[in-house]
Structure formats: C-alpha cells, structure tokens
Amino acid sequence: MIGVIFGPPGSGKGTQAARIETEFELAHLSTGEILRGEASRRSAVGRRVARVMSAGDLVPDELIIDIVARRLRRPDVRRGVLLDGFPRTVEQAKALDELLAKDGRKVDFVIALEVPERSLVERLIKRAREQGRADDTRKAIAERMFEYRTLTAAVLDYYRLRGHRVIEIPGVGPVESVFDRIKKDLSISPSPR
Ligand code: AMP
C-alpha cells in the first residue's frame, strides 16, 4: 500500500502520519524530517538546504526527487509506505508516479487534511514556542503558506483528475478524533486497483 498524507503546514500531517503508520504497518517517509537531518550537516548541500528551509521555501524538485527515489528502494518500503510532505509540486507527483510505475506500483490513497488557514498559523506559532523549529517564524510561516497555495494545492487536483482515491478529512479537533476519522475511512472504502 502506498499512501500520501497531504495538507497545509501545521495541519498535523506528521502527528497523524505516525499513528497511521503504526496502525496500518507502513514505513515512514517524511521529506521534512530527512531534510532537517540533511540541514544539520555541515556539507555544502546541508547548508543550502538549511537556508532554503529556514526561509520557508521549497528545496529544488530534483534534489528531493532523488532523495525519495533512493529511499523508495529500501527494503522496508516493500510492504507499504506513507509519504509525508511529498509530493509538494505537480512535478514531484509526476516523478513519483514514474518511479512507482517502474515496479508496477501506484499511489493507492491520498489523505487530505483540511484545516482553515487561521487555525494553522496559530498552531505553527504555538509549535515555534514549544519546539523552536527554524522555519516556524512568522515570516517563514507566511512563505510556507504561500508555497502551499501556489504550488502544493495543485497536487490534490492532479490526484483527483487522475482518479486516485482522495480521502478528505477535517483536521480540526483533538488528535485522536482526527485519527479515528482517518482510520474509519481507510478501513472501509476499498482501494480502486
Ligand atoms: P515539513 O516538515 O513537511 O513541514 O517540511 C519542512 C520544510 O522542508 C518545507 O517547508 C520545505 O522547505 C522542505 N520540504 C519538505 N518536503 C519538501 C518537498 N517535498 N519539496 C520541497 N521542499 C520540501
């Protein structure tokens, strides 16, 4: 099973992804986490990634596609994977389809978390206070929202138009209630194959 968890910054993707992976025994692939690891290195790439991320911009498609392609070749992905934070552009979505098609696989479901923008900014500011993530400054948050609206939102239309199973989930309320909704929807509706 190949799944994508999709939603604007602060929609709770990472939190829900961790629960879904445990429940459905899927490998975890968070591009944000991989890139934060990369950014903590002193290499030239690491420094470049750190700069892009702290400004709230997206790293170049080629870089992230290459990282994901390598990660998808690892054996733990065979039984299934949940992609968190990827794809974020239509180019990335196309590249993912091509990568998966080589092995006769495809994206089986897309979970789209829906949260109003006002609540997102509040959540991100709160996370900045609690965790101190470098890209949780007001300026970087505004940029990430802009990137989401202008580049990432179109990815959902890409999946809808191509007939993938898109599950829309209201991402407001307690974490456990959101997870219950996801669990219910993922368990009942059959995956179109
Ligand atoms: P996240 O943890 O998913 O919010 O990602 C944090 C940051 O990592 C983003 O704001 C981007 O700078 C970068 N990033 C993560 N995933 C991608 C991606 N698929 N494409 C480009 N940049 C990404």
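Since the structure is predicted, the reported quantities are computational estimates derived from the model, not experimental observations. Every number for a ligand or one of its atoms is a count from 1 in the order of the listing.
In this structure, CG in Leu96 is found 9.5 Å from CZ in Arg105, a value given to the nearest 0.5 Å.
Between Arg88 and Val155, the closest side-chain pair of non-hydrogen atoms is not below 4.5 Å. Counting heavy atoms from C-beta on, the side chains of Ile111 and Phe109 come closer than 4.5 Å. Residues Val121 and Met145 form a side-chain contact, since some pair of their non-hydrogen atoms from C-beta on lies under 4.5 Å apart. Taking 4.5 Å as the limit, every side-chain heavy atom of Thr31 sits out of range of all side-chain heavy atoms of Arg71. With contacts defined as side-chain heavy-atom distances shorter than 4.5 Å, the pair Val90/Leu151 does not qualify.
Taking the six-membered ring where tryptophan is involved, the planes of Phe6 and Tyr148 are tilted, since the angle between them lies from 30° to 60°.
In summary, the side chains of Thr89 and Asp61 do present a donor paired with an acceptor at a separation below 3.5 Å, with no hydrogens or angles considered.
Counting heavy atoms closer than 4.0 Å to ligand 1, residue Asp57 contributes backbone atoms (N, CA, C, O) but none from C-beta onward. Within the 4.0 Å heavy-atom criterion, neither part of Glu147 lies near ligand 1. Here Glu143 has no heavy atoms under 4.0 Å from ligand 1, in either its backbone or its side chain.
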Audit row: Leu26, Met1, side-chain contact (heavy atoms from CB on, under 4.5 Å) steps and yes/no = CA-CA 8 Å; Leu26 299 173; Met1 202 156 62; 4.2 Å; yes

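Checked by distance only, ligand 1 and Arg36 come closer than 3.5 Å through their nitrogen or oxygen atoms. For Arg133, a nitrogen or oxygen atom sits less than 3.5 Å from a nitrogen or oxygen atom of ligand 1, counting backbone and side chain alike. Below 3.5 Å of separation, one finds an N or O of Val59 facing an N or O of ligand 1. Residue-to-ligand polar distances keep Glu33 apart from ligand 1: every N/O pair is separated by 3.5 Å or more. Not one N or O of Phe86 is nearer than 3.5 Å to an N or O of ligand 1, by distance alone.
Heavy-atom proximity to Leu58, at under 4.0 Å, picks out these atoms of ligand 1: 21 (C), 22 (N). Within ligand 1, counting atoms from 1 as listed, the ones closer than 4.0 Å to a heavy atom of Met53 are 6 (C), 7 (C), 8 (O), 12 (O). Set against the non-hydrogen atoms of Gln92, the atoms of ligand 1 under 4.0 Å away are 18 (C), 19 (N), 20 (N), 21 (C). Within ligand 1, counting atoms from 1 as listed, the ones closer than 4.0 Å to a heavy atom of Leu35 are 8 (O), 13 (C), 14 (N), 15 (C), 23 (C). Close contacts of ligand 1 with Thr31, meaning ligand atoms under 4.0 Å from a residue heavy atom, involve 15 (C), 16 (N), 17 (C), 19 (N).
The closest non-hydrogen atom to atom 1 (P) of ligand 1, taken over Arg88, Glu38, Lys13, Arg144, comes from Arg88.
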